Amino acid sequence: MNDIAAIYAVYLERGYDSAAFRQVLELLPDDVRRKAAKYRAEQDARRETVSAVLKRVVACERNGISLDQTEWIRGEYGKPSLKGYPDFHFNVSHAGDWVVCAVSTEGPIGVDVERIGKAEPEVAHMCFSHKEYEEWRRLPDRMRDESFYERWTLKESYVKAIGRGLTIPLTDVETEERGNVIYISCQGLADREFQLSMLSFDAEYKLAVCKPVADRVNEFQYYTIDEIMSRFLELTVSKY
């Protein structure tokens, strides 16, 4: 364990071992299986399953524990944590072909990944402060889509880090750049406990992380579905 904020990413390719995937699904808790079963689209169910697997593999390998030692609890606003390991901070996000998990030992962390699409003014108006919206509206058309998803993921990563989720309207927080560092300010007051970054990633996506200022760097680890499933099965010592 150290003061590095690590990012783990799984690419949801189609050509995976479906038999191993089904085996892993059977070993996951009932609530995970029920949630995955509710999705009509196979890719949505796959994202949900891989998210559950990734957080368990990362929790076990980072803390040196087995799967039967993992117990998940939720905070006041629903943010999950690993019971008995208060210094293990994590957050999961998924979109399109990716599932990502960010981890810190210094304090709460948030991550958000989104596939770049068409940015609509109506949505930007609901996500940005008045100042941000006017800045975005003045951009050339060719820059608006990437700018929208960049700012949106930054803000989402912050509200996920502090564990308040949708209780804080995105219009109430603003991104603020100071040199090479990005902070969030709320009602004019900058939150200096966290710093935000856009991370180099898949060109079709935007990936933002909000981490404690004590964290020094970000490290990436990439997995295929087969790799993360294999690691999960290696960790399995008892069925839930």
Side-chain angles (χ1 to χ4, degrees), residues 5-12 44 47-48 50-51 54-55 77-80 89-104 107-129 131-137 139 142-178 180-186 190-191 193-213 215 217-222:
I7 309 293
Y8 303 84
V10 180
Y11 180 67
L12 304 180
D44 293 335
R47 272 195 297 267
E48 186 65 37
V50 172
S51 297
L54 179 59
K55 79 173 185 179
Y77 298 98
K79 186 176 183 179
H89 303 274
F90 75 97
N91 193 231
V92 177
S93 180
H94 54 70
D97 295 325
W98 288 100
V99 175
V100 296
C101 177
V103 174
S104 172
I109 191 167
V111 66
D112 192 55
V113 61
E114 298 289 345
R115 190 198 296 268
I116 301 170
K118 179 64 177 175
E120 300 294 342
E122 296 82 1
V123 179
H125 195 269
M126 292 187 295
C127 296
F128 294 165
S129 69
K131 175 185 174 183
E132 290 174 327
Y133 180 77
E134 290 303 315
E135 290 175 350
W136 176 81
R137 191 174 59 84
L139 290 173
R142 68 181 186 280
M143 298 175 62
R144 286 187 181 179
D145 294 341
E146 288 210 20
S147 175
F148 171 82
Y149 281 93
E150 188 168 299
R151 186 163 285 179
W152 184 19
T153 54
L154 284 167
K155 297 171 79 164
E156 285 281 358
S157 73
Y158 174 76
V159 297
K160 292 176 72 178
I162 63 176
R164 297 285 299 276
L166 295 177
T167 64
I168 297 182
L170 293 182
T171 52
D172 286 358
V173 296
E174 292 182 338
T175 55
E176 177 183 325
E177 293 189 36
R178 297 288 181 90
N180 295 324
V181 180
I182 304 173
Y183 296 101
I184 285 287
S185 74
C186 185
D191 188 339
E193 294 184 15
F194 296 96
Q195 59 185 15
L196 296 86
S197 305
M198 294 304 305
L199 304 180
S200 180
F201 194 56
D202 188 318
E204 296 182 0
Y205 292 78
K206 288 295 183 180
L207 176 63
V209 64
C210 174
K211 62 187 185 300
V213 293
D215 277 339
V217 297
N218 299 299
E219 289 192 347
F220 265 101
Q221 293 191 35
Y222 291 94

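We're numbering straight along the sequence, starting at 1. In what follows, every heavy atom counts, from backbone to side chain, and hydrogens, waters and symmetry copies are set aside. Values in this document were obtained by computation on a predicted structure and should not be read as measured data.
Between Ser129 atom OG and Trp136 atom CH2 the span is 13.0 Å, to the nearest 0.5 Å. If you take SG on Cys101 and NZ on Lys55, they are separated by 9.0 Å, rounding to the nearest 0.5 Å.
Partners of Lys206 according to the salt bridge (charged side-chain N to carboxylate O under 4.0 Å, His left out) rule, which considers only residues two or more places apart in sequence or in another chain, are Glu146, Glu150.
Using modelled atom types, one finds no donor on one side chain facing an acceptor on the other under 3.5 Å when comparing Asp112 with Tyr158. If you check the side chains of Thr153 and Glu114, you find no donor sitting under 3.5 Å from an acceptor.
Using a 4.5 Å cut-off on side-chain heavy atoms (C-beta onward), Leu12 and Val50 make contact. Proximity of Ser157 to Val209: side-chain heavy atoms (C-beta onward) are nowhere separated by under 4.5 Å.
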Query raised in the report: Under the ring pair (Phe, Tyr, Trp, His ring centres under 6.0 Å) criterion, do Trp98 and Phe201 qualify, and how do the steps go?
Result: CA-CA 11 Å; Trp98 288 100; Phe201 194 56; 4.8 Å; yes
**Report entry** Verdict with supporting geometry, Lys155 and Glu132, salt bridge (charged side-chain N to carboxylate O under 4.0 Å, His left out)
**Finding:** CA-CA 12 Å; Lys155 297 171 79 164; Glu132 290 174 327; 2.6 Å; yes
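Under the 4.0 Å criterion applied to side-chain N and carboxylate O atoms, Arg151 and Glu156 are not assigned as salt-bridge partners.
For Tyr8 and Tyr222, the ring centers sit 6.0 Å or farther from each other.
Remark: Glu176 CD is packed, more than 12 non-hydrogen atoms of other residues, nucleotides or ligands lying under 6.0 Å away.
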